[in-house]
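So you know, we letter chains A, B, ... as the sequences are listed, proteins then strands, and number each from 1. Predicted model, so just to flag it, every value in this text is computed and none were measured.
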Amino acid sequence: MALGRNQILSLYKSLLRESHKFSSYNYREYAIRRVRDGFRAGRDLANEAEQEQRLQIAQESLEMIKRQVVIGLLYKSPALIIEK
Amino acid sequence: MFTKVGCVIRGRPLVRRLFDIEKNIKFNIGSNIKSPVPAYARLLGSSTSQHSITATATAVNTPTKQDPETWPLYLDAQATTPLDPRVLDAMMPYLTHQYGNPHSRTHSYGWESERAMETARQQVADLIGADKKEIIFTSGATESNNISVKGVARFYKAKKRHVITTQTEHKCVLDSCRTLENEGWEVTYLPVQTSGIVSLADLEAAIRPDTALVSVMMVNNEIGVIQPIREIGEICRARKVFLHTDAAQAVGKIPVNVRDLNVDLMSISGHKIYGPKGVGCLYVRRRPRVRVEALMSGGGQERGMRSGTVPTPLVVGLGAACEIAQREMTYDHARITKLSNRLVDSIMSRASHIIHNGDPDHSYPGCINLSFAYVEGESLLMALKDVALSSGSACTSASLEPSYVLRAIGAEEDLAHSSIRFGIGRFTTEAEVEYTADKCVEHVKRLREMSPLWEMVQEGIDLKSIQWSQH
């Protein structure tokens with residue numbers, strides 16, 4: 001199922017939005033950075049099948065991030081010194 | 001960020017909540033959740049997309065009165081690493097409802113569990129280029145090292161009497177060798193050069209006709225040097241000696257292929273690659289076959305080499321961690337190299353008399369060991385209380401002796417005491433690295449101001465020429 005440009009953009013935005021919800025500093029920064037870098041690298045890919053696969057991974061990651069955000073909120077740790 | 005959305009049925013709010021009511025966290029579980037309880041499901045009706053379930057639960061807040069209000073930054077990736085959220089996500093079903101014993105043959109709990117275990121086995125095998133029949137799950141790299149050293153030695157004790165290892169190995173390998181010495185084996189502890197790398201000529205000279213095993217770790221956990229395992233493997237293969245390598249710090253971070261490297265046994269640790277603690281694995285080559293005497297007696301699980309129920313959630317975590325590591329290796333390595341260079345340049349350009357231990361060309365960049373001359377290591381660690389660091393390996397940090405690894409590479413006693421190990425991992429950010437570098441330079445300068453030795457060095461006195469008088 002090939003995703004159109006708008007769908008890819010909305011997937012990207014959802015991923016970023018959910019990543020911002022992580023309560024742990026390290027996870028949050030990693031998720032945001034990885035999503036950005038992943039989509040940037042995928043944009044230049046010529047291979048269709050490779051792009052499909054990565055978008056599939058992105059889709060699964062969205063659900064995973066939502067679940068992990070919830071777990072992170074249930075078991076919180078105090079803020080890191082660098083967040084203050 | 002979180003709006004409390006009550007469940008509205010035909011215009012009236014549903015009064016009952018599904019979980020314990022306490023203040024703190026209200027969150028939206030998701031708009032497609034059907035209630036598992038049939039009574040509520042009827043109430044909620046068939047269409048669920050408009051309704052969201054509000055759940056309020058008490059969050060567990062980890063700080064107690066003794067804990068600091070702010071938590072330090074984590075820069076000790078060689079000691080352990082945080083669980084990757086993707087790994088936890090893979091483990092959760094096996095920690096909750098899929099709790100079967102993978103060795104139960106008669107019901108679907110067992111079959112599901114076994115399927116997960118075999119998937120994990122394949123994931124680990126793919127990372128290191130092995131066959132899944134060659135992977136044995138253990139409780140960690142320490143157990144894997146024990147099985148390798150003691151198990152191989154005891155199996156071949158009829159014809160062999162000699163084991164070779166290096167002076168910079170992990171404590172578990174050195175201690176296993178000491179146990180073998182008590183059993184009548186001879187052990188050669190090869191010295192390392194000042195770069196930390198073992199000399200191939202020394203190794204060739206040390207191999208005897210009755211050598212059973214050579215054990216050399218791939219990436220050192222204290223100074224980060226990468227040993228020339230491929231060349232060592234060729235030598236060992238030519239002389240028909242088994243090669244064991246402790247690859248706990250290497251797997252998932254640098255490309256490792258057991259076929260290319262001619263390795264016969266390899267130890268892997270789960271919690272060094274963003275997996276759970278308490279699990280690891282041992283690669284045991286099948287062609288040519290390596291036989292191992294089991295240390296754990298029991299039901300013959302894991303091909304008779306390691307009896308005991310395989311902990312499904314942990315091995316699923318290990319497998320997921322390996323798969324993620326394989327996918328992310330290039331990205332992580334590039335990032336960690338960049339951060340590592342930044343940290344070292346930032347510190348060494350602003351303060352002098354600092355030594356970077358280990359070989360600069362053959363090192364894993366995520367492990368940086370710096371010795372600060374004329375500064376005491378413990379006091380620097382205490383001063384850097386906002387950053388979680390270590391001086392040397394976690395298993396030796398309780399003792400007062402300086403690290404034996406640093407002593408083996410020829411670092412002087414006082415420099416060995418003043419060394420700090422910085423560990424950069426997948427989740428380390430640039431801001432954390434900058435903060436660490438700034439604080440480190442600041443405290444090194446402050447501690448040196450207070451040091452009389454530093455004053456003497458500034459005046460140009462050679463400390464080695466001083467005759468310290470005895471009181």
Using distance alone, with no hydrogens and no angle criterion, decide if Tyr331(B) and Asp37(A) have a side-chain donor and acceptor under 3.5 Å apart. yes
My understanding is that only one of Met64(A), Arg67(A), Gln68(A) makes a side chain to side chain contact (heavy atoms under 4.5 Å, CB included) with Leu88(B); could you say which? Gln68(A)
For the candidates Arg34(A), Glu60(A), Lys66(A), Glu29(A), which exhibits the highest count of non-hydrogen atom pairs separated by less than 4.5 Å from chain B? Arg34(A)
Proximal component of Glu328(B), with respect to chain A [non-hydrogen, under 4.5 Å]: side chain
Taking atom CG of Asp89(B) and atom CD1 of Ile71(A), what is their separation to the nearest 0.5 Å? 7.0 Å
Reported CD1-to-NZ distance for the pair Ile81(A) and Lys385(B), which is rounded to 0.5 angstrom: 7.0 Å
Please test Glu432(B) against Asn26(A) for side chain to side chain contact (heavy atoms under 4.5 Å, CB included), starting from the C-alpha separation and ending with a verdict. CA-CA 10 Å; Glu432(B) 287 178 325; Asn26(A) 290 104; 3.1 Å; yes
Top contributor to chain B contacts, counting heavy-atom pairs under 4.5 Å, from Ile57(A), Leu80(A), Ile65(A): Leu80(A)
Spacing of Tyr435(B) atom OH and Ile82(A) atom CD1 [to the nearest 0.5 Å]: 7.5 Å
Does Tyr27(A) reach the side chain of Leu83(B), with side-chain heavy atoms less than 4.5 Å apart? yes
Whatever's closer than 4.5 Å to a heavy atom in chain A on Arg335(B) counts as side chain
Is there a donor in the side chain of Thr429(B) and an acceptor in the side chain of Tyr25(A), or the other way round, less than 3.5 Å apart? yes
